Amino acid sequence: MRYIFFFLILGLLSCNENNVTLPNSTGSKSEILFVSPDYLWENKLGDIVINFFASPIPGIAKKENSFKVLQVNEKEFSSLLKTHTNIVLITSDTTTYFKNNLWANDQLVTFLYFKNDINQFNSECKSIFNIYYDKEISAIKNKILNTLNKAYTKKIYDSFRIKTIIPKEYSQSFDAEDQMLFSYNPQNKDVIKHVLIYKLPVDTFDLHQLQLQTNSLFKQHLQGPKENSYVEIETLYPLQLYNDSYRGLWKLKNGFMGGPLIIKPYYLDDQIIVSVAIVFDPKSSKRTYIKEFEAIL
């Protein structure tokens with residue numbers, strides 16, 4: 001439902017009112033620039049904004065924030081800053097509304113209304129967070145679609161009737177009627193990624209059964225270099241449901257590897273399809289991987 005709301009907003013506001021050539025937006029899509037009077041930010045609103053927009057990403061062992069929050073006041077809001085891809089201006093003279101591509105291409109500007117109603121401000125922040133979150137996932141997905149392995153994606157849809165997309169960097173390492181495994185494991189990088197898709201052989205969803213079946217397939221397909229070492233879900237970090245998928249950690253049984261994972265069940269008319277993505281990269285932050293998995297699953 002959030003996605004429908006987000007794309008509806010962008011669709012309604014996508015036409016630039018002035019037929020002028022806009023510059024490309026600047027800044028990272030993982031950053032949001034807030035324009036607020038300093039006294040409001042420091043005394044009332046800054047902590048609320050941080051609580052929502054810099055909240056920890058679920059499913060990562062080490063804390064990583066959903067967004068990097070930047071704040072300037074109106075005098076500091078220069079022409080250069082107006083090209084940032086994500087901007088929220090706190091205003092007291094109107095209701096909350098959105099402008100797409102106001103000062104730059106690929107930009108979403110929010111005019112966030114605040115006039116001494118903290119409860120309303122909390123509610124608005126929650127909704128706006130979801131919109132910017134979906135905006136980033138949509139941008140990542142569009143980028144992946146430009147380098148898509150169409151054959152793999154079609155094979156997944158034909159076999160499972162789900163629209164999981166596979167980037168070109170992956171290769172298929174296992175193929176069966178009820179399960180497929182796609183892997184990225186370059187020899188010159190200390191990075192490993194896997195996407196596992198399978199049919200859950202139950203009529204109704206059960207989280208315990210989901211974990212058992214996932215672990216069973218991990219043991220079958222994702223084995224470590226030592227004897228009797230294989231990937232399994234880390235039980236010390238219970239799975240968390242977030243945005244229709246389960247977040248958690250995996251570890252290597254009888255080994256020293258681990259990392260985040262996402263498990264997304266699809267409830268079709270007559271069966272349950274499960275997509276699982278895991279990554280191993282001990283040297284890098286995991287935010288980018290989590291967002292990528294959300295985009296492809």
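As a basis for the values below, the full set of heavy atoms in this structure was taken, side chains included, without hydrogen atoms, waters or symmetry mates. In this text, all values refer to a predicted model and were calculated from it rather than measured experimentally.
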Within the 3.5 Å criterion, strictly below it, is a donor on [X] or [Y] matched to an acceptor on the partner's side chain?
X: Tyr289; Y: Asp281; answer: yes
X: Ser127; Y: Asn130; answer: no
X: Lys253; Y: Asn228; answer: no
X: Thr164; Y: Ser275; answer: yes

For atom [atom1] of [X], is the number of surrounding heavy atoms from other residues, nucleotides or ligands below 6.0 Å larger than 12?
X: Lys68; atom1: NZ; value: no
X: Lys141; atom1: NZ; value: no
X: Asp175; atom1: CG; value: yes
X: Glu74; atom1: CD; value: no

Any residue meeting side chain to side chain contact (heavy atoms under 4.5 Å, CB included) with [X], in chain and number order, not counting sequence neighbours:
X: Pro37; result: Tyr39, Leu40
X: Ser92; result: none
X: Lys251; result: Glu232, Glu234
X: Ser216; result: none

To the nearest 0.5 Å, how far apart are [atom1] in [X] and [atom2] in [Y]?
X: Ile262; Y: Glu294; atom1: CD1; atom2: CD; result: 5.0 Å
X: Ile32; Y: Thr110; atom1: CD1; atom2: OG1; result: 8.0 Å
X: Leu33; Y: Glu31; atom1: CG; atom2: CD; result: 9.0 Å
X: Glu177; Y: Ser159; atom1: CD; atom2: OG; result: 8.0 Å
X: Leu241; Y: Ile263; atom1: CG; atom2: CD1; result: 11.0 Å
X: Ile296; Y: Lys291; atom1: CD1; atom2: NZ; result: 14.5 Å

Side chains of [X] and [Y]: closer than 4.5 Å at any heavy-atom pair?
X: Asp206; Y: Leu210; result: no
X: Gln240; Y: Tyr246; result: no
X: Tyr198; Y: Val276; result: yes
X: Gln172; Y: Leu181; result: no
X: Leu108; Y: Leu102; result: no
X: Gln107; Y: Asn100; result: no
X: Trp103; Y: Ile87; result: yes
X: Ile290; Y: Thr288; result: no

Would you say the rings of Tyr267 and Phe205 are close, in the sense that their centroids are separated by under 6.0 Å?
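Close enough - the centres of the two rings lie under 6.0 Å apart.
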Trp41 and Phe34 aromatic centres sub-6.0 Å
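Centroid distance Trp41-Phe34: below 6.0 Å, so yes.
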Any pair counted as salt bridge (Lys or Arg N to Asp or Glu O under 4.0 Å), so long as it reaches [range], sequence neighbours left out:
range: residues 105-114; result: Lys29-Asp106
range: residues 39-61; result: none
range: residues 211-228; result: none

Tell me whether [Y] is reachable from [X] by hopping between hydrophobic residues (I, L, V, M, F, W, Y) whose side-chain heavy atoms are closer than 4.5 Å.
X: Tyr237; Y: Trp250; value: no
X: Tyr230; Y: Leu222; value: no
X: Ile273; Y: Leu217; value: no
X: Val274; Y: Leu268; value: no
X: Leu297; Y: Ile197; value: yes

Which heavy-atom pair separates [X] from [Y] by the least distance, and what is that distance?
X: Pro265; Y: Ile272; result: CB-CG2, 4.3 Å
X: Asn215; Y: Ile233; result: OD1-N, 2.7 Å
X: Val109; Y: Leu89; result: CG1-CD1, 3.3 Å

Result block: side-chain N/O donor-acceptor pairs under 3.5 angstrom for residues 187-196, not counting sequence neighbours:
{"residue": "Lys193", "atom": "NZ", "partner": "Glu169", "partner atom": "OE2", "Å": "2.6"}
{"residue": "Lys193", "atom": "NZ", "partner": "Glu292", "partner atom": "OE1", "Å": "3.4"}
{"residue": "Lys193", "atom": "NZ", "partner": "Glu292", "partner atom": "OE2", "Å": "3.2"}
{"residue": "His194", "atom": "ND1", "partner": "Ser183", "partner atom": "OG", "Å": "2.7"}

The test is side-chain contact (heavy atoms from CB on, under 4.5 Å); show your working for Asp38 and Gln71 and say whether it passes.
CA-CA 9 Å; Asp38 291 330; Gln71 184 264 333; 3.2 Å; yes
Residues passing the ring-ring contact (aromatic ring centres under 6.0 Å, His included) test with Tyr152, sequence neighbours excluded, are Phe182
Pairing residues for His221 by the ring-ring contact (aromatic ring centres under 6.0 Å, His included) criterion, not counting sequence neighbours:
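Here the qualifying residues are Phe174.
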Indicate every side-chain donor-acceptor pair of residues 111-123 with a distance under 3.5 Å to a residue at least two apart or in another chain.
{"residue": "Asp117", "atom": "OD1", "partner": "Asn119", "partner atom": "N", "Å": "3.3"}
{"residue": "Asp117", "atom": "OD1", "partner": "Gln120", "partner atom": "N", "Å": "3.1"}
{"residue": "Asn122", "atom": "ND2", "partner": "Ile118", "partner atom": "O", "Å": "3.0"}

Could you tabulate the donor-acceptor pairs under 3.5 Å formed by side-chain atoms of residues 48-67, not counting sequence neighbours?
{"residue": "Ser55", "atom": "OG", "partner": "Phe52", "partner atom": "O", "Å": "2.9"}
{"residue": "Ser55", "atom": "OG", "partner": "Ser66", "partner atom": "OG", "Å": "3.4"}
{"residue": "Glu64", "atom": "OE1", "partner": "Lys286", "partner atom": "N", "Å": "3.2"}
{"residue": "Glu64", "atom": "OE1", "partner": "Arg287", "partner atom": "N", "Å": "2.9"}
{"residue": "Glu64", "atom": "OE2", "partner": "Lys286", "partner atom": "N", "Å": "2.7"}
{"residue": "Ser66", "atom": "OG", "partner": "Ser55", "partner atom": "O", "Å": "2.9"}

Give the ring-plane orientation class for Tyr242 versus Tyr133, where under 30° counts as parallel, over 60° as perpendicular and anything between as tilted.
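Ring orientation of Tyr242 relative to Tyr133: perpendicular.
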Assess the residue pair Lys135 and Thr85 against the criterion (side-chain hydrogen bond (donor to acceptor under 3.5 Å, both in side chains)); give the C-alpha distance rounded to whole Å, side-chain angles, the decisive distance to 0.1 Å, and a yes or no.
CA-CA 10 Å; Lys135 176 178 181 283; Thr85 186; 3.1 Å; yes
With distance as the sole test, does Thr153 use its side chain to make a donor-acceptor pair with the main-chain N or O of Asn149 at under 3.5 Å?
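Yes; at least one donor-acceptor contact below 3.5 Å.
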